[in-house]
Structure formats: C-alpha cells, structure tokens
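Atoms considered below: every heavy atom in the structure, side chains included; atoms not considered: hydrogens, waters and symmetry mates. A note on names: the letters A, B, ... follow the listed sequences, proteins ahead of strands, and every chain is numbered from 1.
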Amino acid sequence: MSDSTPQIVAQNLTLAYGDFVVQRNLNFDIGRGDIFIIMGGSGCGKSTLLKCMIGLKSPALGDVYYNGIPFWSSGPGQQDAMKRGFGTTFQAGALWSSMTLAENIGLALRQYTELSDADIRDVVAYKLMLVGLAGFEDYYPSEISGGMMKRAGLARAMALDPEILFFDEPSAGLDPISAKLLDDLILELRDSLGTTVVIVTHELASILNIGNNSVFLDPVTKTQLATGDPKDLRDNHENLVVRNFLQRGTAEMMT
Amino acid sequence: MTEARVDSDPGSDNTLLVTFAGDWMLGTGLPGAKSVLRQLQKQVTPDTVSFDTERLGEWDTGLIIALLAIHREAAKKDIKIDEAGLPEGARRLLGLAFAVPEREGDRRHAKETGFLERVGDSALDFTTGARDLLRFVGELVLSLGRFMHGTATYLRSDLLFYIQEAGAQAFAIVSVISFLIGMIFAFVGVMQLNMFGAGIYTADLVAVAMIREMAPIMTAIIMAGRTGAAYAAQIGTMKVNEEIDALETLGMQPVDFLVTPRVIALVLMMPLLTMYASLMGILGGLAVGIVMLDISLIQYIAQTVNAVDLSSLFGGLFKSIVYGSLVALAGCQQGMACGKSALAVGQSTTRAVVMGIVLIVVSASVLTVIYINIGI
C-alpha cells in the first residue's frame with residue numbers, strides 16, 4: 001500500500017505538560033495512503049500525540065516531518081501552509097456553533113479557494129451527501145444530534161480534499177451501524193483519493209478492520225511498545241500487553 | 001435490622017479471629033474496623049487474620065471498606081489474610097479492588113504551601129499574566145493591520161452581527177441609565193446652586209458633566225457588563241468546545257476571526273452610544289430643571305447650548321473610544337485565556353468585567369489629568 005518514502009515521520013517525540021511527561025521517545029513512520037492507528041489504554045496520551053501532529057501542541061523534544069519537512073522547526077507561515085493539507089475531526093465535532101453546517105464547511109473553501117458562492121454551495125452539498133447528511137446545509141450544530149455533529153465535522157475536515165485526515169475518536173458514541181459506515185467511508189476516501197488517514201481510537205473492530213499501520217502507546221512505561229500492522233501485532237508481537245489489548249484481554253503467554 | 005458489631009479475639013496458633021455480626025450497611029452507624037486495627041498495631045502481632053461471618057446479616061460497601069482498612073494495615077505488617085471466612089461476594093469485590101494496582105506517582109498529595117511560597121507564586125502569576133496581556137495586545141495590533149489590508153479572515157456577517165449586538169441592542173439600557181444619571185445630577189445641582197441663587201447653572205453642570213465625563217464612563221461600564229462579559233463567555237465557550245482548535249488546524253488566525261471584528265464593532269459603536277447617552281442625560285436634567293426651577297424650556301436649552309463647546313464633545317468622544325477598546329480588549333483577552341471547563345468560562349467572564357471596569361476608571365483618571373494640562 002505505502003510507497004518507499006514515508007509521508008509522515010515522528011522522530012524522538014517527547015510530549016509533556018509542564019514537567020509531567022506524557023510520552024517519550026516516540027518514533028514511527030507513516031506511508032502515503034496508510035490508515036494509521038494511534039492506540040493504547042485510556043489516559044496514555046493518544047490525543048496529546050494527535051494534537052502534536054496537527055500543530056496544536058508543541059513537543060518537548062523531537063519533531064514531526066511531513067514529506068521530509070520538520071513541522072515544529074518551520075516558521076509560522078510555513079506551518080500554516082502545511083496545516084492547509086490537514087483535515088481534522090475532533091472528538092465532539094467542534095463545529096463552530098454560531099454558523100450553519102454550510103458555513104462551517106464552506107469557511108475554508110471561501111478562505112483558500114477562488115470558488116464562487118454557488119460553487120461553494122455545490123461542494124458543501126456534495127460533502128454533506130458523502131457523510132449522509134444531505135439537505136442539512138442550513139441547520140445549526142445545536143439542532144442536530146451528537147452523531148450527526150461528528151459526521152458534519154468529518155465533512156468540514158474533508159472540505160479542502162486534504163492530503164492527510166486526522167480523526168480523534170471517530171466512532172466513539174456512534175451506534176455499530178454508523179461506526180461501520182464511517183469505517184467504510186474512511187477506506188473509500190483512502191482508496192479513491194489516496195488520502196493518508198491517522199486515527200486515534202480504541203475501538204478494536206475499527207483498528208483491525210481498517211488499520212494497516214499503528215503505534216501502541218503504553219501509560220505505564222510512557223513510551224511506545226510497538227508499531228506496525230495491528231493484525232500482525234495481535235498475532236505475533238512479543239509483548240503480552242500489546243497482544244492482550246488487541247485480543248480484548250484474552251492473550252496467552254507465548255510459548 | 002440488627003446492630004453491626006465487630007470483635008477480634010486472638011485465637012490459637014497466633015491467629016487473630018475477626019467476627020462480624022449484624023447488618024453492615026452504609027448509613028446505619030457502623031463501628032468501623034478501628035478496634036481490629038488497634039489489635040494489629042500492638043507490639044506482638046498475629047501471623048494471620050481470619051474471619052468469622054456466621055452471624056453477619058446484610059452487607060454492602062460498609063463492610064468492604066472495613067475489610068480494606070484491615071487489608072492495608074495487614075499488608076504494612078506482613079500479616080497474612082485468610083479470606084476463607086468471608087462471604088463469597090465480599091471476596092470477589094476485594095479481588096476486584098486489588099485487580100488494578102495503583103500506578104506509582106499517580107496519587108496527588110495536598111501540598112503545604114508556606115506564606116513566602118504563596119507570595120512568590122502570585123508574583124510569578126502576575127508577571128506571566130502581564131506578559132500574556134502584552135502578547136495579546138501585540139497580536140491584536142498585527143491583526144488590525146491585516147484587517148486594514150484586507151488580508152484577515154473573518155465573516156462580514158459576523159462583524160455586522162457584533163455591531164448590532166454592541167450598538168442597537170444596547171439602546172434601551174443606555175437610555176434608562178443616562179436619563180436617570182442626568183436627573184440625579186440635576187437634583188444635586190438644583191439643591192446646591194439654588195442656595196446661591198444660581199439654579200440656572202444646573203443646565204451647565206448637567207451638560208458639561210454628561211458630555212465630558214459621565215456619558216463616556218457610564219456607557220463604558222454598561223458595555224463592560226453587557227458586551228465585554230458576552231465576548232469573554234462566547235470566546236471562552238468556543239475554547240471549551242475545541243472550536244478555536246478547529247480554526248487553528250485550518251491554518252486560520254483565531255485573533256483575526258474572533259477578536260478583531262468584536263473589537264472593531266465595539267470601538268465603532270461606543271462613540272455613537274456615548275453621544276446618545278449625553279443627549280439622554282441632558283434630557284433627564286432638563287426634565288428635573290424645568291419642574292424644580294422657575295425657568296422655561298427655551299431658557300434651559302439656551303443655557304445648555306452656551307455651556308458646551310465642541311472641544312468638550314470631542315474630548316468625551318475620544319474617551320469613549322479609549323474605553324471601548326479597553327472593554328473589548330479585556331473581554332476578548334479573558335475569553336482567549338479561558339481554561340477548558342464550565343467553571344473557567346464563569347471565571348473569565350467575571351475577570352473580563354472586573355478588568356474592564358478597572359481599566360476604564362484608571363484610564364479615565366489619566367485622561368482627565370491630561371485634558372486639564374492641555375486645556376480641553
């Protein structure tokens with residue numbers, strides 16, 4: 001799936017809040033078109049790692065390279081340009097509550113493209129159709145359900161056809177059918193547009209169904225225990241903690 | 001329901017037999033495990049603790065916490081626990097409680113802070129607060145530059161909405177307050193000036209006081225409570241909901257999008273509201289004046305027109321622009337500095353109003369001294 005040069009490289013990342021270290025010495029590569037899973041137990045720093053990758057929280061040490069360019073050592077202008085290639089969906093949607101769904105999705109288009117208002121309206125309608133919200137253009141975020149907000153958040157993240165899509169807990173709070181549809185949508189986006197996808201999740205079903213690369217963060221040792229294809233890690237990784245996580249706590253000691 | 005009891009007897013071969021009897025339910029006055037713990041803390045400790053629960057009635061968490069206390073004490077002294085005598089359910093619940101051991105370093109200890117340490121902490125807090133404020137002012141100035149150049153990202157509909165919020169919708173409250181302030185000044189003026197037979201100068205007092213000082217200050221304080229608080233709450237809530245993070249991840253400047261339009265709206269509306277407030281104050285004074293003084297409407301108006309010159313009016317309007325920008329700055333800065341909880345939104349709203357009013361009064365004093373010195 002991935003070609004030889006990785007698109008995203010995390011090098012020696014150490015994440016900390018003040019002098020409280022969350023994770024240290026993270027090293028992993030993400031290839032173009034990978035569906036990369038950030039997994040680990042509750043409170044191990046998955047969301048913090050994601051925040052560091054999308055430019056919201058600077059690392060204490062190390063850097064994240066996108067196509068060979070270090071993000072955190074770049075100037076603000078370069079960082080903003082790199083961020084335009086990202087699309088991010090937040091845990092609770094984080095839609096701008098004073099704007100309608102159409103305005104939420106259209107804002108980036110209005111800002112960064114030369115499209116006319118009518119064209120933007122068409123793009124917005126198409127993105128909403130993709131996430132199953134056709135016809136909801138003129139609703140405000142407070143008027144739709146939590147699951148719909150998540151999907152609208154995804155539509156907003158996809159507005160600029162980003163190279164890399166980041167998801168923070170995409171299927172948490174969704175019913176099993178919607179969660180499956182979301183997984184299918186993510187696969188579809190990767191296959192049709194070649195989008196690289198980075199997902200923070202602990203939904204085992206999603207991890208094993210769609211992930212082809214991953215990093216496993218451990219809250220006890222505060223570093224990564226494994227990186228690679230989650231299916232492979234489930235069956236063959238030497239660390240019991242990793243296998244236990246991926247087998248819902250039923251892993252046996254390897255003989 | 002029978003009373004809960006616990007006894008402990010040193011039994012044979014160095015075993016402490018703990019007997020639970022009665023109903024061990026929370027909220028029924030439990031004896032706790034103190035008597036058992038005292039036994040365990042003696043010089044000569046038993047090797048094993050075992051339990052007898054033959055006469056134990058109903059039980060819930062009340063029993064488990066007593067058992068946990070015994071467990072903990074026994075662990076400290078290396079005393080073995082024989083759980084065989086416990087009910088099946090209690091054994092399992094204890095097992096669950098110990099299934100995930102406490103992580104080293106996770107527990108937080110209440111820290112004793114000395115007086116000097118607290119003084120130092122608040123001094124450091126003050127300097128970081130001041131530095132944050134300066135940085136925010138700098139960002140705002142840069143953003144205003146981008147706004148003037150037309151390179152800032154914002155929604156024109158947002159700007160118009162803020163203008164409506166800070167302008168037209170503040171009319172009612174500004175009218176009422178300024179009218180009443182004008183009346184109060186007129187009352188004071190009539191009472192005092194009539195003693196010298198100079199009641200007619202009430203018109204001068206009201207007009208000069210309103211236009212030069214009171215209209216700008218009162219309007220600004222109203223806006224600090226109305227609009228400054230609203231700015232802090234709106235931006236603070238967006239921060240809690242990760243809406244500001246969402247803007248940043250798109251490579252947009254939250255200051256351009258959220259702060260600059262609000263500041264501009266308030267700075268545009270403040271002079272207009274202040275002019276209107278002056279008018280309402282003068283009308284309030286006029287109402288009192290013609291009722292309590294023996295003068296006609298025309299006389300009062302003529303006196304007012306004579307009292308006011310253009311420099312007073314512009315001086316007052318300039319003040320209102322300064323106050324307006326300070327109120328907007330306080331509201332937006334506190335909103336952007338808001339923490340990520342519902343409590344933090346409340347705190348930043350409170351701080352926005354307090355900071356706004358303090359800034360208004362301090363700058364009013366400074367401006368008045370400057371005006372006197374340059375002779376306005």
Side-chain angles (χ1 to χ4, degrees), chain A residues 20-21 41-44 47 50-51 53-57 76-100 103-112 141-142 149 152-153 156-157 159-160 162 164-166 168-169 218-222 249, chain B residues 99-108 121 124 128 135 138-139 142-143 146 150-162 164-165 230-231 233-258 261-262 265 335 339-340 342 345:
Chain A
F20 178 77
V21 175
S42 311
C44 66
S47 293
L50 188 79
K51 280 198 178 131
M53 294 176 72
I54 58 182
L56 286 177
K57 176 169 179 17
Q78 172 93 41
Q79 283 187 359
D80 281 350
M82 287 161 87
K83 281 183 198 169
R84 253 160 253 164
F86 304 166
T88 311
T89 69
F90 292 83
Q91 246 177 67
L95 297 167
W96 297 304
S97 43
S98 60
M99 298 185 225
T100 62
E103 287 166 337
N104 261 284
I105 300 165
L107 183 67
L109 293 166
R110 190 154 295 143
Q111 187 55 31
Y112 298 126
S142 55
M149 279 198 238
R156 182 179 68 186
L160 289 173
I164 310 165
L165 263 177
F166 295 94
D168 195 358
E169 306 269 359
D218 182 39
V220 180
T221 55
K222 295 189 189 302
Chain B
V100 180
E102 185 174 316
R103 248 196 277 160
E104 195 97 7
D106 271 3
R107 187 179 288 270
R108 287 202 178 152
D121 274 344
L124 288 177
T128 44
R135 182 178 306 134
E139 277 181 37
L142 289 178
S143 169
R146 287 194 292 271
T151 55
T153 326
Y154 68 100
L155 296 181
R156 193 155 300 136
S157 59
D158 273 358
L159 179 62
L160 295 176
F161 175 75
Y162 300 142
Q164 181 190 354
E165 280 273 284
Y231 285 179
Q234 289 162 356
I235 297 179
T237 312
M238 290 186 72
K239 183 130 189 202
V240 173
N241 288 341
E242 299 185 303
E243 291 178 41
I244 295 183
D245 286 352
L247 276 176
E248 273 183 53
T249 52
L250 278 178
M252 293 196 211
Q253 301 290 335
V255 176
D256 287 6
F257 198 79
L258 301 172
R262 284 181 165 87
K340 291 208 166 183
V345 176

**Student:** Checking heavy atoms, do the side chain of A:Met82, its backbone, both or neither come under 4.5 Å from chain B?
**Tutor:**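 Neither the backbone nor the side chain of A:Met82 comes within 4.5 Å of chain B.
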**Student:** Among A:Thr88, A:Leu56, A:Leu160, who wins on heavy-atom pairs under 4.5 Å with chain B?
**Tutor:**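 Looking at each option in turn, the highest pair count goes to A:Leu56.
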**Student:** Measuring heavy-atom distances to chain B, does A:Tyr112 have an atom under 4.5 Å in its side chain, in its backbone, in both, or in neither?
**Tutor:**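 The side chain, not the backbone.
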**Student:** Set out, in order, the CA-CA distance, both residues' side-chain angles and the distance that settles side-chain contact (heavy atoms from CB on, under 4.5 Å) for A:Phe86 and B:Thr249, then state yes or no.
**Tutor:** CA-CA 7 Å; A:Phe86 304 166; B:Thr249 52; over 6 Å; no
**Student:** To the closest 0.5 Å, what do you measure between CE (B:Met252) and NZ (A:Lys83)?
**Tutor:**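 Those atoms lie 11.5 Å apart.
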**Student:** Checking heavy atoms, do the side chain of A:Pro162, its backbone, both or neither come under 4.5 Å from chain B?
**Tutor:**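 Nothing of A:Pro162, per the 4.5 Å heavy-atom cut-off to chain B.
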**Student:** Using non-hydrogen atoms and a 4.5 Å limit, figure out which bit of B:Gln253 sits close to chain A: side chain, backbone, both or neither.
**Tutor:**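 Contact with chain A: side chain only.
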**Student:** Apply side-chain contact (heavy atoms from CB on, under 4.5 Å) to the pair B:Asp245 and A:Lys51, showing each step before the final yes or no.
**Tutor:** CA-CA 9 Å; B:Asp245 286 352; A:Lys51 280 198 178 131; 4.2 Å; yes
**Student:** Check whether B:Glu243 reaches the backbone of A:Ser97 with its side chain - one donor and one acceptor, N or O, closer than 3.5 Å.
**Tutor:**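 Pair found, side chain donor or acceptor close to backbone of A:Ser97.
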**Student:** For the CD atom of A:Gln91 and the CG atom of B:Asn241, what is their distance to the nearest 0.5 Å?
**Tutor:**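 Atom-to-atom, A:Gln91:CD and B:Asn241:CG are 12.5 Å apart.
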**Student:** Does any heavy atom of chain A fall under 4.5 Å from the side chain of B:Phe257, the backbone, both, or neither of them?
**Tutor:**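 For B:Phe257, the side chain is the part near chain A, not the backbone.
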**Student:** From B:Asp158 CG over to A:Trp96 CH2, what is the distance, rounded to the nearest 0.5 angstrom?
**Tutor:**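 Output value for this atom pair is 11.5 Å.
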**Student:** Below 4.5 Å from any heavy atom of chain A, which atoms of B:Leu155 appear? Answer side chain, backbone, both or neither.
**Tutor:**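 When you check distances to chain A, only side chain atoms of B:Leu155 fall under 4.5 Å.
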**Student:** A:Ala94 and B:Ala246: which non-hydrogen atoms are nearest, and at how many Å?
**Tutor:**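 Shortest heavy-atom separation between A:Ala94 and B:Ala246 comes out as O-CB, 3.9 Å.
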